[in-house]
Each structure stands twice: as C-alpha cells, then as structure tokens.
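Residue numbers begin at 1 in each chain, while the letters A, B, ... track the order of the sequences. Note that this is a predicted model, so its numbers are computed, not measured. Quick note: numbers below take in every heavy atom, side chains included, and nothing from hydrogens, waters or symmetry partners.
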Number of protein chains: 2
Amino acid sequence: MISENSYFDDNVKSLGYTSATGKSTLGVMEPGEYEFSTSLHETMTVIEGQMTVKLPDAPEWVTYKAGEAYQIEAHKSFLVKVSTQTAYLCQYK
Amino acid sequence: MISENSYFDDNVKSLGYTSATGKSTLGVMEPGEYEFSTSLHETMTVIEGQMTVKLPDAPEWVTYKAGEAYQIEAHKSFLVKVSTQTAYLCQYK
C-alpha cells in the first residue's frame, strides 16, 4: 500500500512505501519553516529545490541542494527552511 | 499547492509541484504493469526500485534502476512493469 501523509496544514505532503532497504517516504514541502521530530534514523536526500537545515546540536544552518543528503538520528528534532517547493526522499532505518 | 494524484485504482500515486525548471511529480508505483500516455515531454528518473519500460516505437523492454532516467515525447504512450514498490521523479517540459 502507498500511504498518503500530510503535515503542517497540508504544507508538507508525502507518500510512504517500502523499498529494498526499508521504509521510505517521498515528499514535497511548500515554502516555510518546519520543525520535524524523528522516531527512526532518517537519511534525507533533496530531489528538487533546496533545504536550509539546522541539525540537532549543530551550531549553524546548512543548505542542501538537489542530490545532496543529510542524516538525523532517531528521537531528535531538526529545523528546515524552504524558499521554493522542494522535493525530498526520506529513508528510514 | 501540492497536488495529490491517484491512478490505476490507487496503484500509482503522485504529488505534483513546480520546480525551478517546470512542473514535476514525485510518485510511487505498486507492483504491476501500466500504460501511461503523455501530454507533455517527460523525463522519468527512478528514485528507488526499478522499472522495466517499453518506450514508444522501441523494439525491446529496457530496465532502469535507481538514478537512471528515460525520456518520452509528448502525445505518446509507453508501458512500465514494476515488481516492487518503485519511486520516481517525473519532470515535464
């Protein structure tokens, strides 16, 4: 089954599925700033657009462009700023 | 706005948005065989999983894996076979 998820008043939407390596979601974010909390380890890859991210315990914001990825441990919060509609892949483990 | 699309009895779902280069959809296909018709030129990139594709006028099926892409002209039909849940990016122009 392909799950449909919506967060932040429909400003972030994603589709959930299972790949060969585990659970994944494909998603799109509207321009805005969001705080996400993880329950599992996440690898986030930007597909189109870009994200400016403040990772847990990181002192600074870092911008990730299409094709670039970052990781977040389980049970952490991180901040994401997006200025154009931005597509991502999130892989859980 | 992030549009939500569903095809083939919910076996293919996608999210539509606009990138810097034009309209795109991110989608997931359940295992199955599908015939798609294009209204615009499409560049299809496999994100996770793989697709076996018969392009318009192509004599043979070709398999595209994660990170690989193929193109279809506007106003054509093509066939896609998927054996596991497969994620893709479709860019229109």
Side-chain angles (χ1 to χ4, degrees), chain A residues 1-34 36 40-52 63-69 71 80-93, chain B residues 1-34 36 40-52 63-69 71 80-93:
Chain A
M1 206 195 75
I2 305 165
S3 66
E4 298 174 53
N5 313 292
S6 179
Y7 309 96
F8 301 105
D9 290 330
D10 287 347
N11 284 301
V12 179
K13 293 183 182 179
S14 69
L15 300 173
Y17 62 97
T18 303
S19 78
T21 57
K23 295 216 175 273
S24 294
T25 57
L26 275 183
V28 182
M29 297 180 188
E30 295 281 10
E33 182 170 336
Y34 309 99
F36 295 96
L40 298 169
H41 179 283
E42 298 185 3
T43 301
M44 287 279 281
T45 303
V46 180
I47 295 176
E48 289 196 291
Q50 64 179 38
M51 296 183 187
T52 299
T63 297
Y64 296 88
K65 297 181 179 174
E68 298 180 338
Q71 307 206 20
V80 176
K81 285 193 281 200
V82 164
S83 61
T84 60
Q85 284 188 319
T86 293
Y88 66 89
L89 167 67
C90 181
Q91 295 166 300
Y92 302 91
K93 71 176 182 190
Chain B
M1 206 194 77
I2 304 165
S3 66
E4 298 174 54
N5 312 294
S6 178
Y7 309 96
F8 300 106
D9 291 330
D10 287 347
N11 284 303
V12 179
K13 293 183 181 179
S14 70
L15 300 172
Y17 62 98
T18 303
S19 76
T21 57
K23 297 219 174 270
S24 294
T25 57
L26 276 183
V28 182
M29 297 181 190
E30 295 281 11
E33 182 170 337
Y34 309 99
F36 295 96
L40 298 169
H41 179 283
E42 298 185 4
T43 301
M44 287 279 282
T45 303
V46 180
I47 294 176
E48 288 196 291
Q50 63 179 39
M51 295 182 188
T52 300
T63 297
Y64 296 88
K65 296 181 178 173
E68 298 180 338
Q71 307 205 21
V80 175
K81 284 192 283 198
V82 163
S83 60
T84 60
Q85 285 189 318
T86 293
Y88 65 89
L89 166 67
C90 182
Q91 296 166 299
Y92 302 92
K93 73 177 180 191

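Lys13(B) places no side-chain N or O within donor-acceptor distance of the main-chain N or O of Glu4(A), the cut-off being under 3.5 Å. Side-chain atoms of Glu48(B) never come within 3.5 Å of backbone atoms of Ala20(A) as a donor-acceptor pair (strictly under, hydrogens ignored).
Each of Leu89(B), Leu15(B), Leu26(B) was checked for a side-chain contact (heavy atoms from CB on, under 4.5 Å) with Leu26(A), and the lone residue meeting it is Leu26(B).
If you measure heavy-atom distances from Thr21(A) to chain B, the contacts under 4.5 Å come from the side chain alone. Looking at Thr18(A), both its backbone and its side chain come within 4.5 Å of chain B, counting heavy atoms on both sides.
Between chain A and the options Gly49(B), Ala87(B), Gly16(B), the largest number of non-hydrogen pairs under 4.5 Å is found for Ala87(B).
Taking all atoms of both residues into account, the shortest heavy-atom contact from Ile47(A) to Ile47(B) is CD1-CD1, 3.5 Å.
With rounding to the nearest 0.5 angstrom, the OG1 atom of Thr84(A) is 10.0 Å from the OH atom of Tyr17(B).
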